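Shown next, in structure tokens, is the structure this report addresses.
Since the model is a prediction, treat every value here as computed from it, not as a measurement.
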Amino acid sequence: MYGLVLAGGKSTRMGSDKGLITYHDVPQQEYLYQLLEQLCDTVFLSVREEQESTVDKAYRTIVDRNEYRGPFNGILSAYTSHPDVAWLVLACDLPLLDLESIKQLVEQRDPNASATSFATNQTKLPEPLITIWEPEGLQKAITHLETSESSCPRKFLLNTDTKLVFPEHDEVLYNANSLSEYEFAKSKIALNHGE
């Protein structure tokens with residue numbers, strides 16, 4: 001199983017690169033990369049071509065191939081590079097995600113499903129950017145993208161054999177896309193660390 005941190009988004013709502021925002025003393029994309037290193041055989045940052053030269057050489061990268069729209073771009077670029085492995089995919093805007101939560105996803109993985117996905121207890125909807133994608137599932141996703149109008153990974157997961165995993169606390173799946181959400185996440189982290 002390989003790890004992939006999706007860091008190639010444009011971060012337009014946040015106003016600055018979400019992967020470079022610091023919540024835990026290092027840029028968020030590096031923090032998540034280091035968490036995945038503890039659970040995966042190999043880890044990569046998924047980046048746009050113009051980002052590649054700015055990434056510290058200590059981190060492996062996979063450059064988006066720009067064959068698909070949205071998050072599938074990074075996920076399927078990784079799959080094309082290494083088609084025989086499962087991919088544990090994380091978006092870079094998950095400031096409250098911790099090692100224990102990711103371990104829970106790995107421990108409850110069903111390799112016979114297309115994917116094993118976190119879902120909040122509240123919505124019961126798969127979170128495609130906190131998901132272990134099996135190789136067969138990604139092959140199905142390519143077929144889906146060729147025949148469907150939608151490039152939404154969640155819609156794909158809802159219409160395939162996805163195993164859902166529910167975290168103990170929904171807030172670990174919180175994603176920060178704006179300045180106010182960043183401030184909220186920072187306050188939660190400070191609270192959790194007793195600061």
Under 3.5 Å, is there a donor-acceptor pair between the side chain of [X] and the main chain of [Y]?
X    : Y    : result
K103 : L39  : no
E136 : A113 : no
R154 : P126 : yes
D170 : Q122 : yes
S114 : T160 : no
E171 : L96  : no

Would you mind reporting whether [Y] and [X] have side-chain heavy atoms less than 4.5 Å apart?
X    : Y    : answer
S151 : L145 : yes
L173 : I130 : yes
T80  : R65  : yes
S117 : V165 : no
M1   : I132 : yes
L97  : I102 : yes
W133 : P128 : yes
Y79  : I142 : yes

Between [X] and [Y], which heavy-atom pair has the shortest distance, and what is it?
X    : Y    : value
L4   : G74  : CD2-O, 3.7 Å
S148 : S150 : OG-N, 2.9 Å
P83  : P135 : O-CB, 3.4 Å
L125 : L158 : CD2-CD2, 4.0 Å
A86  : E134 : CB-OE1, 3.5 Å
P167 : A119 : CD-O, 3.1 Å

For a side chain to side chain contact (heavy atoms under 4.5 Å, CB included) check, start with the C-alpha distance between I62 and H82, then their side-chain angles and the critical distance, and finish with the verdict. CA-CA 10 Å; I62 291 178; H82 302 278; 4.3 Å; yes

Measure the spacing between [atom1] of [X] and [atom2] of [Y] and express it to the nearest 0.5 Å.
X    : Y    : atom1 : atom2 : result
S101 : L94  : OG    : CG    : 10.5 Å
S81  : W87  : OG    : CH2   : 6.5 Å
D64  : E52  : CG    : CD    : 10.5 Å
Q104 : R109 : CD    : CZ    : 15.5 Å
T61  : R48  : OG1   : CZ    : 13.0 Å
E127 : L164 : CD    : CG    : 10.0 Å

Which pairs pass salt bridge (charged side-chain N to carboxylate O under 4.0 Å, His left out) with one or both residues in residues 137-151, sequence neighbours excluded? K140-D161

Any pair with a residue in residues 88-121 that passes ring pair (Phe, Tyr, Trp, His ring centres under 6.0 Å), sequence neighbours left out, goes on the list, sorted by first then second residue, please. none

Give me each pair satisfying ring pair (Phe, Tyr, Trp, His ring centres under 6.0 Å) with a member in residues 50-69, each pair once, sequence neighbours excluded. Y33-Y59

Hydrophobic cluster identity match, F166 and V172, side-chain contacts under 4.5 Å: no

Would T123 and T120 count as a side-chain hydrogen bond (donor to acceptor under 3.5 Å, both in side chains) here? Give the steps. CA-CA 6 Å; T123 67; T120 64; 2.7 Å; yes

Can you say whether the rings of H144 and F156 are parallel (under 30°), tilted (30 to 60°) or perpendicular (over 60°)? tilted

Parallel, tilted or perpendicular, judged at 30° and 60°: which one describes the rings of F44 and Y2? tilted

From the list V43, L129, L36, side-chain contact (heavy atoms from CB on, under 4.5 Å) partner of L90 resolves to L36

Just to verify, which of V106, T116, T131 counts as forming a side-chain contact (heavy atoms from CB on, under 4.5 Å) with L88? V106

